[in-house]
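Here is the structure we will look at, set down as structure tokens.
Keep in mind it's a predicted model, so treat the numbers as computed, not measured. Letters go in sequence order (proteins before strands), and every chain restarts at 1.
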Amino acid sequence: MPELPEVETVRAGLAPALTNAVVTAVDVLDARSFKRHPGGVEDFKATIIGSKILAVVRRGKFLWMPLELPANRSGDYKLAMVGHLGMSGQMLLRTPGFADDKLTRVIIQARTADGQIVEMRFVDQRLFGSLAIDELVPTKDGMPGGYSNGIGETATGQSAWWLNLIPASAAHITRDPLDVNFDEKAVLTRFKTKNSGIKRVLLDQQTLSGIGNIYADESLWRSQLHYDQPAASLSTAKAKELLEHVREILAKAVTEGGTSFDEQYKNVNGESGYFAVSLNAYGMTGMPCKRCGTEIKRENWMNRGSHFCPKCQKLKI
DNA sequence: CAATAACCCTGGGTGC
DNA sequence: TGCACCCAGGGTTATT
């Protein structure tokens, strides 16, 4: 499941090829990938073909590409293509004619800054992912919308027009823990208002973003917290420790290129990530806990699985 | 407003 | 070989 490290790996892979590339064609193999685009397939094509991609930006699990529209229809529009990988989305970079990738839903062809033609193939088995064009709006805190290479400065040192903007459809997503403008105080305060279990809160993208089932389980294992421990019951010190572990785990996973647990996550070259070898809880059902040797348990929780050590992650009332 | 439930969606893998 | 069934869950929307 693509979470922050996987999405960042994709972003970092796309950015060098697509920054300043101009979209030349869009091939839609499955219109359902556009269910988040209100205007439908034709409107998407009409807007993006001929537009220049100015950057590839990420906040949490959301990706977007600010667009420079052709001169004849620029107007006042500040638009971006927004992509979400959902459960099983991939964005592969291929050259035209490269062997077909199974389950490709959309192919966006572009001419790169140095004149090469590339294809961004959007592959998505479960169709929870999506592509859309959306309006960019100012961020709530006035800081950059998300992470991108070169922090959006032009050659003259001025900020790019899109820097402090975010797609309207992602504006409610809070900053992720690797964002330089991550507001830890606000997150700690919010924890104190939440009676839900800490895992539910970690997965709430409106509290902090980028964490999914894998990194939630890993962070809780590391912090020796039970998934149902009420968030408000954590001391500030414990909550800070948890956030520190979240940051360390996410950062390490980014350097490993993310976690490939099955065929559903690949980088832009179709390669798997290496973080799976570092997992201590997720997917380790029946294996000995690396801290105490007790068998890792998996419990059904919120329509998914929760992996934890029953000995070192006890619920404390 | 907070918490929870329902819903969307498919193909790879498994067991018979 | 075929087929029914199970499984992975992120994010939005509806409901309590």
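Distance A:L85 CG to B:dC9 C1': 16 Å, rounded to the nearest Å. Taking atom CG of A:D124 as the reference point, atom P of B:dC9 lies 12 Å away to the nearest angstrom.
Remark: A:E271 pairs with no residue by the salt bridge (charged side-chain N to carboxylate O under 4.0 Å, His left out) rule, at least two apart or across chains. Residues satisfying the ring-ring contact (aromatic ring centres under 6.0 Å, His included) test with A:F308, not counting sequence neighbours, are A:H226, A:Y227. Taking the salt bridge (charged side-chain N to carboxylate O under 4.0 Å, His left out) definition, one finds that A:D30 meets it with A:R32, A:R105, sequence neighbours left out. Every residue two or more places apart in sequence or in another chain that forms a salt bridge (charged side-chain N to carboxylate O under 4.0 Å, His left out) with A:D101 is listed here: A:R94, A:R121. A:R247 pairs by the side-chain contact (heavy atoms from CB on, under 4.5 Å) definition with A:P177, A:L178, A:F182, A:E184, A:L243, A:E244, not counting sequence neighbours. Qualifying ring-ring contact (aromatic ring centres under 6.0 Å, His included) partners for A:Y265, counting only residues two or more places apart in sequence or in other chains: none.
Among pairs with a residue in residues 39-54 of chain A, those fulfilling side-chain hydrogen bond (donor to acceptor under 3.5 Å, both in side chains) read A:H37-A:D43, at least two apart in sequence or across chains. Pairs engaging residues 185-219 of chain A under the ring pair (Phe, Tyr, Trp, His ring centres under 6.0 Å) rule: A:Y215-A:F275 [sequence neighbours left out].
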Please list, pair by pair, any protein nitrogen or oxygen found under 3.5 Å from a nitrogen or oxygen in nucleotides 11-13 of chain B.
residue	atom	partner	partner atom	Å
B:dG11	O4'	A:Q125	OE1	3.4

Atom pairs under 3.5 Å, N or O on each side, protein against nucleotides 1-4 of chain B: can you list them with distances?
residue	atom	partner	partner atom	Å
B:dA3	OP1	A:N195	N	2.9
B:dT4	OP2	A:S196	OG	3.3
B:dT4	OP2	A:R200	NE	3.1

Can you give the donor-acceptor pairs under 3.5 Å from side chains of residues 126-135 of chain A to other protein atoms, not counting sequence neighbours?
residue	atom	partner	partner atom	Å
A:D134	OD2	A:A168	N	3.2
A:D134	OD2	A:S169	N	2.7
A:D134	OD2	A:S169	OG	2.7

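The pair A:D176-A:K61 does not count as a salt bridge, with every side-chain nitrogen at least 4.0 angstrom from each carboxylate oxygen.
Contacts between chain A and DNA chain C, taken as any atom within less than 4.0 angstrom of a protein heavy atom, begin and end at C:dA8 to C:dT12.
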